[in-house]
Peer 1: 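Below are the C-alpha coordinates for one structure; questions will follow.
Every chain is numbered from 1, with letters handed out A, B, ... down the list of sequences.
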Amino acid sequence: MSLSSNSTEGHASKESTEQWSWLSKLFHWATALLIFIQIPLGFYADSLRLSPFKLDVFVWHKSLGMLVLLLVAVRLLWRIKSTIPAAVAGTAGQKLLAKLAHSVMYGLMLALPLSGWLVSSATNFPVKLFWLIPLPAISGPDEALKSLASEIHEICVFALIIVLVTHIGAALWHHLYLRDNALKRMWF
Amino acid sequence: MLRAAVKLTVTLVTALLWQPLLGADWQSEIQNSQLNFAASFQNLPINGRFKQFSVKYTTDQAAQPVDLQVRVIVASADMGNTEFNTEIQALDWFNVADHGTAVFTGQRFEIAPKNKAGIAFIAHGKLQLKGIEQPVTVPFSWRPIDHNQVSMSGELSLNRTDFAIGQGEWATGDQIGLAVRVWFDVRMLSNHD
Ligand code: HEM
Ligand code: HEM
(Lines give C-alpha, C1' and ligand atoms only; values in the text may rest on other atoms or scores of the structure.)
(Ligands and ions follow the chains in the order given, each with its own letter.)
Protein backbone atom coordinates (compact mmCIF):
# COMPACT_ATOMS: atom_id res chain seq x y z
CA MET A 1 0.00 0.00 0.00
CA SER A 2 3.02 2.22 0.36
CA LEU A 3 4.62 3.83 -2.69
CA SER A 4 7.46 1.29 -2.78
CA SER A 5 5.09 -1.65 -3.11
CA ASN A 6 3.95 -0.09 -6.38
CA SER A 7 7.36 0.48 -7.88
CA THR A 8 6.59 -2.15 -10.49
CA GLU A 9 3.96 0.15 -11.91
CA GLY A 10 6.59 2.71 -12.79
CA HIS A 11 4.87 6.06 -12.38
CA ALA A 12 5.00 6.19 -8.61
CA SER A 13 7.34 9.14 -8.26
CA LYS A 14 5.73 11.09 -11.07
CA GLU A 15 2.25 10.56 -9.64
CA SER A 16 3.10 12.17 -6.37
CA THR A 17 3.81 15.53 -7.94
CA GLU A 18 1.04 15.57 -10.48
CA GLN A 19 -1.77 18.07 -9.95
CA TRP A 20 -5.25 18.36 -11.33
CA SER A 21 -5.59 21.33 -13.65
CA TRP A 22 -6.89 24.54 -12.18
CA LEU A 23 -10.13 24.20 -14.16
CA SER A 24 -10.64 20.57 -13.10
CA LYS A 25 -10.29 21.61 -9.46
CA LEU A 26 -12.76 24.43 -9.93
CA PHE A 27 -15.26 22.08 -11.55
CA HIS A 28 -14.81 19.48 -8.79
CA TRP A 29 -15.30 21.84 -5.86
CA ALA A 30 -18.05 23.92 -7.43
CA THR A 31 -20.06 20.77 -8.14
CA ALA A 32 -19.24 19.35 -4.73
CA LEU A 33 -20.56 22.52 -3.09
CA LEU A 34 -23.73 22.44 -5.19
CA ILE A 35 -24.31 18.76 -4.39
CA PHE A 36 -23.90 19.44 -0.67
CA ILE A 37 -26.56 22.14 -0.97
CA GLN A 38 -28.84 20.16 -3.27
CA ILE A 39 -29.26 17.03 -1.17
CA PRO A 40 -30.56 18.73 2.01
CA LEU A 41 -32.41 21.32 -0.06
CA GLY A 42 -34.24 18.56 -1.96
CA PHE A 43 -35.31 16.79 1.23
CA TYR A 44 -36.32 20.09 2.78
CA ALA A 45 -38.34 21.23 -0.27
CA ASP A 46 -40.09 17.88 -0.44
CA SER A 47 -41.02 17.99 3.25
CA LEU A 48 -42.76 21.39 3.09
CA ARG A 49 -46.53 21.73 2.81
CA LEU A 50 -47.69 23.38 -0.40
CA SER A 51 -47.18 27.12 0.00
CA PRO A 52 -45.65 30.02 -1.93
CA PHE A 53 -42.49 29.41 0.10
CA LYS A 54 -42.32 25.80 -1.05
CA LEU A 55 -42.58 26.94 -4.66
CA ASP A 56 -39.65 29.32 -4.09
CA VAL A 57 -37.53 26.62 -2.48
CA PHE A 58 -38.22 24.37 -5.47
CA VAL A 59 -37.20 27.14 -7.87
CA TRP A 60 -33.83 27.15 -6.07
CA HIS A 61 -33.59 23.36 -6.09
CA LYS A 62 -34.37 23.14 -9.80
CA SER A 63 -32.10 26.06 -10.69
CA LEU A 64 -29.07 24.76 -8.80
CA GLY A 65 -29.77 21.22 -10.06
CA MET A 66 -29.79 22.32 -13.69
CA LEU A 67 -26.60 24.26 -13.01
CA VAL A 68 -25.05 20.96 -11.89
CA LEU A 69 -26.12 19.38 -15.19
CA LEU A 70 -24.51 22.21 -17.14
CA LEU A 71 -21.30 22.08 -15.08
CA VAL A 72 -21.00 18.31 -15.40
CA ALA A 73 -21.54 18.42 -19.16
CA VAL A 74 -18.81 21.05 -19.60
CA ARG A 75 -16.61 19.25 -17.09
CA LEU A 76 -16.83 15.97 -19.00
CA LEU A 77 -15.93 17.72 -22.26
CA TRP A 78 -12.98 19.33 -20.49
CA ARG A 79 -11.96 15.96 -19.08
CA ILE A 80 -11.81 14.50 -22.60
CA LYS A 81 -9.81 17.43 -23.96
CA SER A 82 -7.36 17.95 -21.09
CA THR A 83 -4.65 15.65 -19.74
CA ILE A 84 -5.55 14.23 -16.39
CA PRO A 85 -3.09 13.02 -13.77
CA ALA A 86 -2.40 9.31 -13.58
CA ALA A 87 -4.13 7.34 -10.86
CA VAL A 88 -2.91 7.74 -7.29
CA ALA A 89 -0.71 4.86 -6.15
CA GLY A 90 -2.62 1.89 -4.84
CA THR A 91 -3.46 -1.71 -5.60
CA ALA A 92 -5.13 -2.54 -8.89
CA GLY A 93 -8.30 -3.20 -6.92
CA GLN A 94 -8.21 0.22 -5.29
CA LYS A 95 -7.61 1.93 -8.59
CA LEU A 96 -10.49 0.05 -10.14
CA LEU A 97 -12.73 0.94 -7.21
CA ALA A 98 -11.77 4.62 -7.42
CA LYS A 99 -12.39 4.64 -11.16
CA LEU A 100 -15.72 2.92 -10.68
CA ALA A 101 -16.78 5.37 -7.94
CA HIS A 102 -15.80 8.35 -10.09
CA SER A 103 -17.73 7.00 -13.10
CA VAL A 104 -20.78 6.27 -10.97
CA MET A 105 -20.66 9.81 -9.53
CA TYR A 106 -20.48 11.31 -13.02
CA GLY A 107 -23.42 9.11 -14.05
CA LEU A 108 -25.45 10.15 -11.01
CA MET A 109 -24.64 13.82 -11.49
CA LEU A 110 -26.23 13.49 -14.94
CA ALA A 111 -29.10 11.19 -13.92
CA LEU A 112 -30.15 13.36 -10.96
CA PRO A 113 -30.85 16.59 -12.84
CA LEU A 114 -32.31 14.70 -15.81
CA SER A 115 -34.72 12.70 -13.64
CA GLY A 116 -35.57 15.87 -11.67
CA TRP A 117 -36.26 17.68 -14.92
CA LEU A 118 -38.54 14.82 -15.95
CA VAL A 119 -40.40 14.95 -12.60
CA SER A 120 -40.87 18.67 -13.04
CA SER A 121 -42.14 18.34 -16.63
CA ALA A 122 -44.44 15.37 -16.06
CA THR A 123 -45.96 17.17 -13.07
CA ASN A 124 -47.19 19.90 -15.45
CA PHE A 125 -45.45 22.56 -13.42
CA PRO A 126 -43.38 25.16 -15.27
CA VAL A 127 -40.32 26.87 -13.83
CA LYS A 128 -38.02 29.78 -14.64
CA LEU A 129 -34.50 28.87 -13.53
CA PHE A 130 -33.14 31.61 -11.27
CA TRP A 131 -36.40 33.48 -12.04
CA LEU A 132 -35.01 34.13 -15.53
CA ILE A 133 -34.77 31.18 -17.88
CA PRO A 134 -37.90 29.13 -18.63
CA LEU A 135 -37.04 25.43 -18.38
CA PRO A 136 -38.61 23.69 -21.40
CA ALA A 137 -40.77 20.67 -20.63
CA ILE A 138 -39.28 17.34 -21.72
CA SER A 139 -42.61 15.53 -21.36
CA GLY A 140 -46.29 16.32 -21.21
CA PRO A 141 -48.33 15.91 -18.02
CA ASP A 142 -48.10 12.21 -17.17
CA GLU A 143 -48.67 10.87 -13.68
CA ALA A 144 -47.20 7.42 -14.25
CA LEU A 145 -44.06 8.92 -15.75
CA LYS A 146 -43.88 11.41 -12.88
CA SER A 147 -43.95 8.61 -10.29
CA LEU A 148 -41.29 6.69 -12.19
CA ALA A 149 -39.01 9.71 -12.59
CA SER A 150 -39.55 10.61 -8.95
CA GLU A 151 -38.57 7.07 -7.95
CA ILE A 152 -35.42 7.26 -10.09
CA HIS A 153 -34.55 10.67 -8.64
CA GLU A 154 -34.81 9.31 -5.12
CA ILE A 155 -32.86 6.11 -5.85
CA CYS A 156 -30.10 8.25 -7.41
CA VAL A 157 -30.04 10.41 -4.28
CA PHE A 158 -29.44 7.42 -2.03
CA ALA A 159 -26.95 5.87 -4.43
CA LEU A 160 -25.04 9.16 -4.51
CA ILE A 161 -25.00 9.41 -0.73
CA ILE A 162 -23.52 5.90 -0.45
CA VAL A 163 -20.86 6.52 -3.10
CA LEU A 164 -20.03 9.91 -1.58
CA VAL A 165 -19.44 8.40 1.85
CA THR A 166 -16.97 6.02 0.22
CA HIS A 167 -15.43 8.78 -1.90
CA ILE A 168 -14.92 11.22 0.94
CA GLY A 169 -13.82 8.42 3.23
CA ALA A 170 -11.22 7.34 0.69
CA ALA A 171 -9.99 10.93 0.25
CA LEU A 172 -9.62 11.33 4.02
CA TRP A 173 -7.95 7.94 4.34
CA HIS A 174 -5.38 8.94 1.72
CA HIS A 175 -4.78 12.27 3.35
CA LEU A 176 -4.82 11.41 7.06
CA TYR A 177 -3.68 7.80 7.12
CA LEU A 178 -1.59 7.24 3.99
CA ARG A 179 -0.48 10.87 4.07
CA ASP A 180 -0.07 10.88 0.29
CA ASN A 181 -0.77 13.51 -2.32
CA ALA A 182 -4.28 12.35 -3.31
CA LEU A 183 -6.25 15.15 -1.69
CA LYS A 184 -3.59 17.80 -2.15
CA ARG A 185 -3.51 17.34 -5.90
CA MET A 186 -7.22 18.11 -6.05
CA TRP A 187 -6.82 21.07 -3.69
CA PHE A 188 -5.61 24.55 -4.59
CA MET B 1 -104.82 11.45 -51.60
CA LEU B 2 -101.90 12.23 -53.88
CA ARG B 3 -102.58 15.94 -53.43
CA ALA B 4 -102.50 15.48 -49.69
CA ALA B 5 -99.21 13.61 -49.88
CA VAL B 6 -97.62 16.25 -52.10
CA LYS B 7 -98.90 18.96 -49.82
CA LEU B 8 -97.50 17.19 -46.77
CA THR B 9 -94.12 16.69 -48.48
CA VAL B 10 -93.96 20.32 -49.52
CA THR B 11 -94.81 21.40 -46.02
CA LEU B 12 -92.17 19.12 -44.51
CA VAL B 13 -89.47 20.14 -46.96
CA THR B 14 -90.29 23.81 -46.44
CA ALA B 15 -90.20 23.34 -42.72
CA LEU B 16 -86.81 21.62 -42.98
CA LEU B 17 -85.36 24.26 -45.27
CA TRP B 18 -86.65 27.03 -43.08
CA GLN B 19 -85.36 25.29 -40.04
CA PRO B 20 -82.35 27.54 -39.37
CA LEU B 21 -84.54 30.57 -39.59
CA LEU B 22 -87.09 29.30 -37.14
CA GLY B 23 -84.81 29.57 -34.20
CA ALA B 24 -83.25 26.64 -32.46
CA ASP B 25 -82.08 25.27 -29.18
CA TRP B 26 -78.51 24.06 -29.09
CA GLN B 27 -76.89 21.77 -26.59
CA SER B 28 -73.22 20.93 -26.11
CA GLU B 29 -71.92 17.45 -26.81
CA ILE B 30 -69.29 16.77 -24.15
CA GLN B 31 -67.17 14.24 -26.09
CA ASN B 32 -66.20 16.81 -28.70
CA SER B 33 -65.99 19.80 -26.41
CA GLN B 34 -63.23 21.43 -24.47
CA LEU B 35 -63.19 24.05 -21.76
CA ASN B 36 -59.61 24.89 -20.89
CA PHE B 37 -57.94 27.28 -18.52
CA ALA B 38 -54.39 28.35 -17.84
CA ALA B 39 -53.20 29.62 -14.51
CA SER B 40 -49.61 30.80 -14.39
CA PHE B 41 -46.47 30.41 -12.31
CA GLN B 42 -43.64 32.90 -12.87
CA ASN B 43 -45.68 34.06 -15.88
CA LEU B 44 -45.48 30.60 -17.44
CA PRO B 45 -48.79 28.83 -18.15
CA ILE B 46 -50.04 25.85 -16.14
CA ASN B 47 -52.78 24.32 -18.24
CA GLY B 48 -55.93 22.72 -16.96
CA ARG B 49 -59.40 21.85 -18.18
CA PHE B 50 -62.87 21.20 -16.89
CA LYS B 51 -63.97 17.70 -17.77
CA GLN B 52 -67.65 18.25 -17.00
CA PHE B 53 -69.67 21.19 -18.22
CA SER B 54 -72.64 21.91 -20.44
CA VAL B 55 -73.64 24.75 -22.72
CA LYS B 56 -77.18 25.66 -23.72
CA TYR B 57 -77.73 28.17 -26.45
CA THR B 58 -80.87 29.49 -28.12
CA THR B 59 -81.06 31.33 -31.40
CA ASP B 60 -83.99 33.25 -32.87
CA GLN B 61 -85.42 33.22 -36.39
CA ALA B 62 -82.54 35.28 -37.65
CA ALA B 63 -80.02 32.85 -36.10
CA GLN B 64 -79.10 35.50 -33.56
CA PRO B 65 -78.36 34.54 -29.97
CA VAL B 66 -81.13 35.02 -27.47
CA ASP B 67 -79.93 32.88 -24.61
CA LEU B 68 -76.68 31.31 -23.44
CA GLN B 69 -76.09 29.27 -20.32
CA VAL B 70 -72.89 27.55 -19.32
CA ARG B 71 -72.73 25.25 -16.30
CA VAL B 72 -69.40 23.99 -15.07
CA ILE B 73 -68.83 21.24 -12.52
CA VAL B 74 -65.94 22.90 -10.73
CA ALA B 75 -64.69 19.69 -9.11
CA SER B 76 -64.02 18.28 -12.58
CA ALA B 77 -61.05 20.66 -12.95
CA ASP B 78 -58.05 18.66 -14.12
CA MET B 79 -54.56 20.13 -13.99
CA GLY B 80 -52.81 16.94 -15.06
CA ASN B 81 -51.79 15.93 -11.57
CA THR B 82 -53.69 14.37 -8.65
CA GLU B 83 -51.85 16.53 -6.13
CA PHE B 84 -52.94 19.81 -7.79
CA ASN B 85 -56.42 18.46 -8.48
CA THR B 86 -56.90 17.81 -4.78
CA GLU B 87 -55.31 21.09 -3.76
CA ILE B 88 -57.49 23.30 -5.97
CA GLN B 89 -60.66 21.86 -4.44
CA ALA B 90 -59.73 23.34 -1.07
CA LEU B 91 -61.18 26.38 0.67
CA ASP B 92 -58.49 28.84 -0.51
CA TRP B 93 -58.99 27.85 -4.13
CA PHE B 94 -62.30 26.66 -5.62
CA ASN B 95 -63.94 25.55 -2.37
CA VAL B 96 -65.92 22.91 -4.24
CA ALA B 97 -67.53 21.62 -1.07
CA ASP B 98 -69.63 24.77 -0.85
CA HIS B 99 -69.67 25.86 -4.48
CA GLY B 100 -69.84 22.86 -6.76
CA THR B 101 -71.03 24.57 -9.92
CA ALA B 102 -70.15 27.72 -11.76
CA VAL B 103 -72.75 29.29 -14.04
CA PHE B 104 -72.42 31.82 -16.80
CA THR B 105 -75.65 33.41 -18.04
CA GLY B 106 -75.64 35.58 -21.14
CA GLN B 107 -77.88 38.61 -20.80
CA ARG B 108 -77.17 40.77 -23.81
CA PHE B 109 -75.66 39.83 -27.14
CA GLU B 110 -73.74 41.84 -29.64
CA ILE B 111 -72.51 40.98 -33.11
CA ALA B 112 -68.75 41.25 -33.23
CA PRO B 113 -66.81 42.22 -36.34
CA LYS B 114 -66.65 39.17 -38.64
CA ASN B 115 -63.55 37.05 -38.33
CA LYS B 116 -62.08 34.05 -40.16
CA ALA B 117 -63.52 31.55 -37.75
CA GLY B 118 -67.14 32.27 -38.65
CA ILE B 119 -69.80 34.51 -37.25
CA ALA B 120 -68.73 36.14 -34.05
CA PHE B 121 -70.75 37.38 -31.11
CA ILE B 122 -70.07 38.92 -27.78
CA ALA B 123 -72.12 37.73 -24.84
CA HIS B 124 -72.40 40.13 -21.94
CA GLY B 125 -73.54 38.34 -18.86
CA LYS B 126 -72.77 37.30 -15.35
CA LEU B 127 -70.55 34.56 -14.07
CA GLN B 128 -71.26 32.98 -10.75
CA LEU B 129 -68.18 31.23 -9.43
CA LYS B 130 -67.34 30.28 -5.84
CA GLY B 131 -70.57 31.96 -4.84
CA ILE B 132 -69.50 35.32 -6.24
CA GLU B 133 -71.27 36.94 -9.16
CA GLN B 134 -69.37 39.22 -11.50
CA PRO B 135 -70.14 40.71 -14.91
CA VAL B 136 -68.19 38.86 -17.58
CA THR B 137 -67.94 39.27 -21.33
CA VAL B 138 -67.54 36.16 -23.45
CA PRO B 139 -66.63 36.58 -27.12
CA PHE B 140 -67.40 33.54 -29.24
CA SER B 141 -67.33 32.38 -32.84
CA TRP B 142 -70.00 30.27 -34.41
CA ARG B 143 -68.78 27.97 -37.16
CA PRO B 144 -71.14 25.44 -38.80
CA ILE B 145 -69.82 21.89 -39.21
CA ASP B 146 -72.92 20.43 -40.82
CA HIS B 147 -76.64 21.18 -40.82
CA ASN B 148 -77.12 20.52 -37.11
CA GLN B 149 -73.61 20.72 -35.69
CA VAL B 150 -71.77 23.88 -34.91
CA SER B 151 -68.46 24.63 -33.26
CA MET B 152 -68.59 27.39 -30.71
CA SER B 153 -65.22 28.72 -29.67
CA GLY B 154 -63.74 31.66 -27.87
CA GLU B 155 -61.28 32.96 -25.37
CA LEU B 156 -61.36 35.31 -22.42
CA SER B 157 -59.31 36.32 -19.44
CA LEU B 158 -60.50 36.36 -15.84
CA ASN B 159 -58.95 37.80 -12.73
CA ARG B 160 -58.98 35.03 -10.14
CA THR B 161 -59.22 37.43 -7.20
CA ASP B 162 -62.56 38.73 -8.55
CA PHE B 163 -63.87 35.34 -7.48
CA ALA B 164 -61.72 34.88 -4.37
CA ILE B 165 -59.80 32.03 -5.98
CA GLY B 166 -56.42 31.68 -4.33
CA GLN B 167 -56.88 33.37 -0.99
CA GLY B 168 -54.64 33.88 2.02
CA GLU B 169 -50.98 33.43 1.21
CA TRP B 170 -51.84 32.96 -2.48
CA ALA B 171 -53.75 36.23 -2.83
CA THR B 172 -50.86 38.21 -4.27
CA GLY B 173 -50.07 37.45 -7.87
CA ASP B 174 -46.31 37.22 -7.21
CA GLN B 175 -46.02 33.55 -8.00
CA ILE B 176 -49.38 32.24 -9.12
CA GLY B 177 -50.55 35.01 -11.46
CA LEU B 178 -53.88 36.76 -11.06
CA ALA B 179 -54.94 36.52 -14.70
CA VAL B 180 -56.37 33.20 -15.79
CA ARG B 181 -56.85 32.54 -19.47
CA VAL B 182 -59.98 30.59 -20.38
CA TRP B 183 -60.61 29.18 -23.83
CA PHE B 184 -63.18 26.81 -25.22
CA ASP B 185 -64.17 24.89 -28.31
CA VAL B 186 -67.58 23.38 -27.82
CA ARG B 187 -69.50 21.13 -30.24
CA MET B 188 -73.11 22.27 -30.25
CA LEU B 189 -75.93 20.09 -31.53
CA SER B 190 -79.28 21.42 -32.60
CA ASN B 191 -82.20 19.54 -31.10
CA HIS B 192 -84.22 19.94 -34.33
CA ASP B 193 -83.35 17.49 -37.08
C1 HEM C 1 -15.46 16.81 1.02
C2 HEM C 1 -15.83 16.30 -0.11
C3 HEM C 1 -14.94 15.78 -1.19
C4 HEM C 1 -13.63 15.46 -1.18
C5 HEM C 1 -12.64 15.58 -0.01
C6 HEM C 1 -13.28 14.99 -2.49
C7 HEM C 1 -12.01 14.61 -2.89
C8 HEM C 1 -11.67 14.23 -4.15
C9 HEM C 1 -10.34 13.97 -4.60
C10 HEM C 1 -9.11 14.06 -3.71
C11 HEM C 1 -10.40 13.61 -5.88
C12 HEM C 1 -9.22 13.27 -6.77
C13 HEM C 1 -9.10 11.82 -6.92
C14 HEM C 1 -7.90 11.51 -7.82
O15 HEM C 1 -7.01 12.33 -7.92
O16 HEM C 1 -7.93 10.43 -8.42
C17 HEM C 1 -11.77 13.62 -6.28
C18 HEM C 1 -12.23 13.30 -7.53
C19 HEM C 1 -13.55 13.28 -7.87
N20 HEM C 1 -14.58 13.69 -7.08
FE21 HEM C 1 -14.48 14.34 -5.19
N22 HEM C 1 -14.38 14.99 -3.27
C23 HEM C 1 -15.43 15.47 -2.51
C24 HEM C 1 -16.71 15.63 -2.92
C25 HEM C 1 -17.18 15.24 -4.13
C26 HEM C 1 -18.56 15.38 -4.53
C27 HEM C 1 -19.71 15.96 -3.71
C28 HEM C 1 -18.64 14.88 -5.78
C29 HEM C 1 -19.84 14.78 -6.66
C30 HEM C 1 -20.85 14.09 -6.48
C31 HEM C 1 -17.32 14.45 -6.16
C32 HEM C 1 -16.99 13.88 -7.38
C33 HEM C 1 -15.75 13.55 -7.80
C34 HEM C 1 -15.44 12.97 -9.08
C35 HEM C 1 -16.45 12.63 -10.19
C36 HEM C 1 -14.06 12.82 -9.14
C37 HEM C 1 -13.24 12.23 -10.29
C38 HEM C 1 -12.65 13.29 -11.10
C39 HEM C 1 -12.20 12.78 -12.43
O40 HEM C 1 -11.65 11.67 -12.51
O41 HEM C 1 -12.45 13.48 -13.43
N42 HEM C 1 -16.45 14.68 -5.15
N43 HEM C 1 -12.53 14.01 -5.20
C1 HEM D 1 -27.67 17.72 -8.53
C2 HEM D 1 -28.84 17.53 -8.71
C3 HEM D 1 -29.92 17.18 -7.75
C4 HEM D 1 -29.89 16.60 -6.51
C5 HEM D 1 -28.69 16.13 -5.72
C6 HEM D 1 -31.26 16.49 -6.06
C7 HEM D 1 -31.64 15.97 -4.84
C8 HEM D 1 -32.95 15.84 -4.42
C9 HEM D 1 -33.38 15.30 -3.17
C10 HEM D 1 -32.44 14.81 -2.07
C11 HEM D 1 -34.72 15.30 -3.13
C12 HEM D 1 -35.62 14.81 -1.99
C13 HEM D 1 -35.81 13.35 -2.01
C14 HEM D 1 -36.74 12.88 -3.10
O15 HEM D 1 -37.93 13.08 -2.98
O16 HEM D 1 -36.25 12.33 -4.09
C17 HEM D 1 -35.18 15.84 -4.38
C18 HEM D 1 -36.49 16.00 -4.76
C19 HEM D 1 -36.91 16.63 -5.90
N20 HEM D 1 -36.09 17.14 -6.89
FE21 HEM D 1 -34.10 17.07 -6.96
N22 HEM D 1 -32.09 16.99 -7.02
C23 HEM D 1 -31.30 17.45 -8.05
C24 HEM D 1 -31.71 18.05 -9.22
C25 HEM D 1 -33.04 18.35 -9.52
C26 HEM D 1 -33.47 19.04 -10.69
C27 HEM D 1 -32.57 19.60 -11.79
C28 HEM D 1 -34.83 19.11 -10.63
C29 HEM D 1 -35.81 19.73 -11.58
C30 HEM D 1 -35.56 20.44 -12.62
C31 HEM D 1 -35.23 18.46 -9.40
C32 HEM D 1 -36.53 18.31 -9.00
C33 HEM D 1 -36.92 17.69 -7.86
C34 HEM D 1 -38.29 17.50 -7.49
C35 HEM D 1 -39.53 17.98 -8.30
C36 HEM D 1 -38.29 16.84 -6.27
C37 HEM D 1 -39.55 16.49 -5.45
C38 HEM D 1 -39.70 15.11 -5.07
C39 HEM D 1 -40.15 14.21 -6.16
O40 HEM D 1 -41.29 14.31 -6.59
O41 HEM D 1 -39.34 13.35 -6.55
N42 HEM D 1 -34.12 18.00 -8.75
N43 HEM D 1 -34.07 16.17 -5.15
Peer 1: Should B/Ile122 and B/Val70 be regarded as members of a common hydrophobic cluster, given that ILVMFWY residues are connected when their side-chain heavy atoms come within less than 4.5 Å of each other, either directly or indirectly?
Peer 2: no
Peer 1: I'd like to check the side chain to side chain contact (heavy atoms under 4.5 Å, CB included) partners of B/Ala102; sequence neighbours left out, ordered by chain and number.
Peer 2: B/Val72, B/Val74, B/Leu129
Peer 1: Hey, what donor-acceptor pairs show up under 3.5 Å between chain A and chain B?
Peer 2:
from	atom 1	to	atom 2	distance (Å)
A/Arg49	NH1	B/Glu169	OE2	3.2
A/Arg49	NH2	B/Glu169	OE1	3.2
A/Arg49	NH2	B/Glu169	OE2	3.4
A/Pro52	O	B/Gln175	NE2	2.8
A/Asp56	OD1	B/Gln175	NE2	2.9
A/Asp56	OD2	B/Gln175	NE2	3.4
A/Thr123	O	B/Asn81	ND2	3.3
A/Asn124	ND2	B/Asn47	O	3.1
A/Asn124	ND2	B/Met79	O	2.7
A/Lys128	N	B/Gln42	OE1	2.4
A/Lys128	NZ	B/Gln42	O	2.9
A/Glu143	OE1	B/Thr82	N	3.2
A/Glu143	OE1	B/Thr82	OG1	2.5
A/Glu143	OE2	B/Thr82	N	3.3
A/Glu143	OE2	B/Thr82	OG1	2.6

Peer 1: Under 4.5 Å heavy-atom distance to chain B, tell me which part of A/Val127 shows up: side chain, backbone, both or neither.
Peer 2: both
Peer 1: Over all heavy atoms of both residues, which pair between A/Pro141 and B/Gly80 is shortest? Give the atoms and the distance, please.
Peer 2: CB-O, 4.0 Å
Peer 1: Would you say A/Val72 and A/Phe130 are hydrophobically clustered, going by side-chain heavy atoms of ILVMFWY under 4.5 Å?
Peer 2: yes
Peer 1: Please answer: with hydrophobic residues joined when any side-chain heavy atoms are less than 4.5 Å apart, are A/Leu96 and A/Leu100 in the same cluster?
Peer 2: no
Peer 1: When hydrophobic residues are tied together by side-chain contacts of less than 4.5 Å, even through go-betweens, does A/Leu183 share a cluster with A/Phe36?
Peer 2: no
Peer 1: With a 4.5 Å cut-off on side-chain heavy-atom distances among I, L, V, M, F, W and Y, is there a chain of contacts connecting B/Met188 to B/Val66?
Peer 2: no
Peer 1: Where do A/Pro126 and B/Pro45 come nearest, in terms of heavy atoms and distance?
Peer 2: CG-O, 3.6 Å
Peer 1: Does a side-chain heavy-atom distance below 4.5 Å link B/Leu44 with A/Leu135?
Peer 2: no
